[in-house]
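We use all heavy atoms of the structure for the numbers below, so side chains are in, but hydrogens, waters and symmetry mates are not. Lettering follows sequence order; numbering is per chain, from 1.
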Number of protein chains: 2
Amino acid sequence: MPTPPGRRPRRPAPSRQPLTQERVVEAAIAVLDAEGLEAVTMRRVAQELGTGPASLYAHVSDKQELRELMLDRVAGEVRLPSEPDPARWREQLKEIASEVRRVYTSHRDIAKVSMGLIPTGPNLLAIADMELGLMRAGGVPARIAGLAVDTLGMYIDADAIEDTFYTATITGDDDPWEHFQKYLREIRAYMAALPADRYPNIVAMIDDLTAGGGAERFEFGLDLLLRGIASYVEDRPDA
Amino acid sequence: MPTPPGRRPRRPAPSRQPLTQERVVEAAIAVLDAEGLEAVTMRRVAQELGTGPASLYAHVSDKQELRELMLDRVAGEVRLPSEPDPARWREQLKEIASEVRRVYTSHRDIAKVSMGLIPTGPNLLAIADMELGLMRAGGVPARIAGLAVDTLGMYIDADAIEDTFYTATITGDDDPWEHFQKYLREIRAYMAALPADRYPNIVAMIDDLTAGGGAERFEFGLDLLLRGIASYVEDRPDA
DNA sequence: ACCTGAACACCGTTCAAGT
DNA sequence: ACCTGAACACCGTTCAAGT
């Protein structure tokens, strides 16, 4: 029997798949990737799933939980070294940090969720555990490693946020790199116009302050931290 | 002539003082201190001033500008050393960083505004300029100092955010310290319940991971960074 | 020039009602 | 058990109208 005219179902595809937490998180990440973290509202995610915002509350307790679930799912994309190599602990630690940064920045400003959060999800814990293992294997004292894993995480988050901040100012369909260069020129012009008697160092160091891309800056700070951590190793094999 | 009944003015005190940008920023910081950054909405600030939200747009272009003005005003509370002492450049740099952290954390989660922002306000620029001056006086190469001032700022912001995150979970009128201890016990219990075969290092290092208060953790990371920065000084006077 | 009311297009979350 | 519509108490920003 054909449906009588004027009695069409309200939604084109009534999404016969039942809602699950996984589907909610997936939809949320789709919105994140397309429009950024701020656009990930309960209403927008529900729309993506062809339902209303109230339906999500059967699968996540609130928006904050959804954000943390998104973060841990993204953290699942991080590829950790299959075998920890104690001889290369500093290099492997740097590789992990760079990989986390790469994964985070590939999902817009997801790093904002991580900032200041104690990791509890399975994937975030796996990353922290491997970092701790590497430092212990490298001879970093337990107390220092315990503090350093936190500092390292904070640094990665902060840098990922900074990175997406610069590249996210793109509103239209401009070339991202060209847009970034233009922004940099504006910053330089602003700093150059500052009173040199009040801000002598900034004015004198404009080029040094705006040098290097995001990746270079990240490597620099990461290296600072690792030098510092290595300085705590009793019998310094590489310091 | 007395006002006829039923013709009372709509607001009790029509705030005879004219609105200025300064008054708007002041009111916004009052809301920040009392209720946190998230409560600083255009509507809430307007309410504080006894007017409507639309009135604010004559003095700030939008909410983001208001937030940046709030940040720079807060940064004005930072007390910088009156005289830079090149011989004590590392100590003075640490003092400034600690002072910025102290001021930020005394204004709830204002550090969130700073995170990932290129400083343009007069007070933020003054802080950055002094940091640069100290590093240059200490013999840190210009290129390194230019990168390090950024890294240092990121670290301070991240730590201040983390700090307020832990102490801001206080909803009611509990003792903050007691509340924090309870939260820490929960975290420890959660970590202790993790499968030791999957997260061997976390389970083994629970005490090291949750050791130390906020200030101690901050000092640790700050020291890591300063050790790293000092390692770039050509003729190392104190490394 | 500054201020305002009203409106627009949004929010997160709850809850009684449905299946 | 899961889903829903409707409602509640909010958002930032714009704009025509007032003084």
Which nucleotide sits closest to the side chain of [X]: [options]?
X        : options                  : value
Tyr57(B) : dT4(D), dG12(D), dG12(C) : dG12(D)
Ala54(A) : dA6(D), dT14(D), dG12(C) : dA6(D)
Asp62(B) : dT4(D), dC11(D), dT13(D) : dT13(D)
Pro18(B) : dC3(D), dC3(C), dC11(D)  : dC3(C)
Thr41(A) : dG12(D), dC11(C), dC3(C) : dC11(C)
Arg43(A) : dC11(C), dT4(D), dC3(C)  : dC11(C)
Ser55(A) : dG12(C), dC15(C), dC3(D) : dC3(D)
Pro53(A) : dT4(D), dA7(C), dT13(C)  : dT13(C)

key: Met130(B) vs Asn201(A), side-chain contact (heavy atoms from CB on, under 4.5 Å): CA-CA, chis, key distance, verdict   = CA-CA 8 Å; Met130(B) 174 148 275; Asn201(A) 299 295; over 6 Å; no
task = Would you kindly compare His59(A) and Val40(B) by the position of their nearest DNA chain D nucleotide and give the one closer to the 5′ end?
result =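 Between the two, 5'-proximity favours His59(A).
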Pairwise C1' distance for dC8(C) and dC11(D), with rounding to whole Å =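 These two C1' atoms come out 12 Å apart once rounded.
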Distance check needed: [N] [atom2] versus [X] [atom1], whole Å only.
X        : N       : atom1 : atom2 : answer
Leu49(A) : dC3(D)  : CG    : C1'   : 13 Å
Gln47(A) : dC11(C) : CD    : C1'   : 14 Å
Leu56(B) : dC11(D) : CG    : P     : 12 Å
Arg67(B) : dC11(D) : CZ    : C1'   : 13 Å
Lys63(A) : dT14(C) : NZ    : C1'   : 17 Å
Leu37(B) : dG12(D) : CG    : P     : 11 Å
Gln21(A) : dC3(D)  : CD    : C1'   : 17 Å
Glu38(A) : dA9(C)  : CD    : P     : 20 Å

query = Are Glu99(B) and Glu95(B) side-chain neighbours, meaning at least one heavy-atom pair lies under 4.5 Å?
reply =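 In short, these two side chains do not touch, never coming nearer than 4.5 Å.
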key: Ion pair Arg23(B)/Glu26(B), N-O distance below 4.0 Å   = no
inquiry  = Looking at Glu35(A), I want to see if its CD is surrounded by more than 12 non-hydrogen atoms of other residues, nucleotides or ligands under 6.0 Å.
reply    =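 Check passes, neighbour count above 12.
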inquiry  = Using modelled atom types and a 3.5 Å cut-off, is there a donor and acceptor pairing between side-chain atoms of Ser114(A) and backbone atoms of Ala111(A)?
reply    = no
key: Identified pairing partner of dT13(C), criterion: Watson-Crick or G-U wobble below 3.5 Å   =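 Its partner is dA7(D) (Watson-Crick or G-U wobble, both distances under 3.5 Å).
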message = Any strand counts, and the cut-off is 3.5 Å on both contacts for Watson-Crick or G-U wobble. Which nucleotide pairs with dA1(C)?
response = dT19(D)
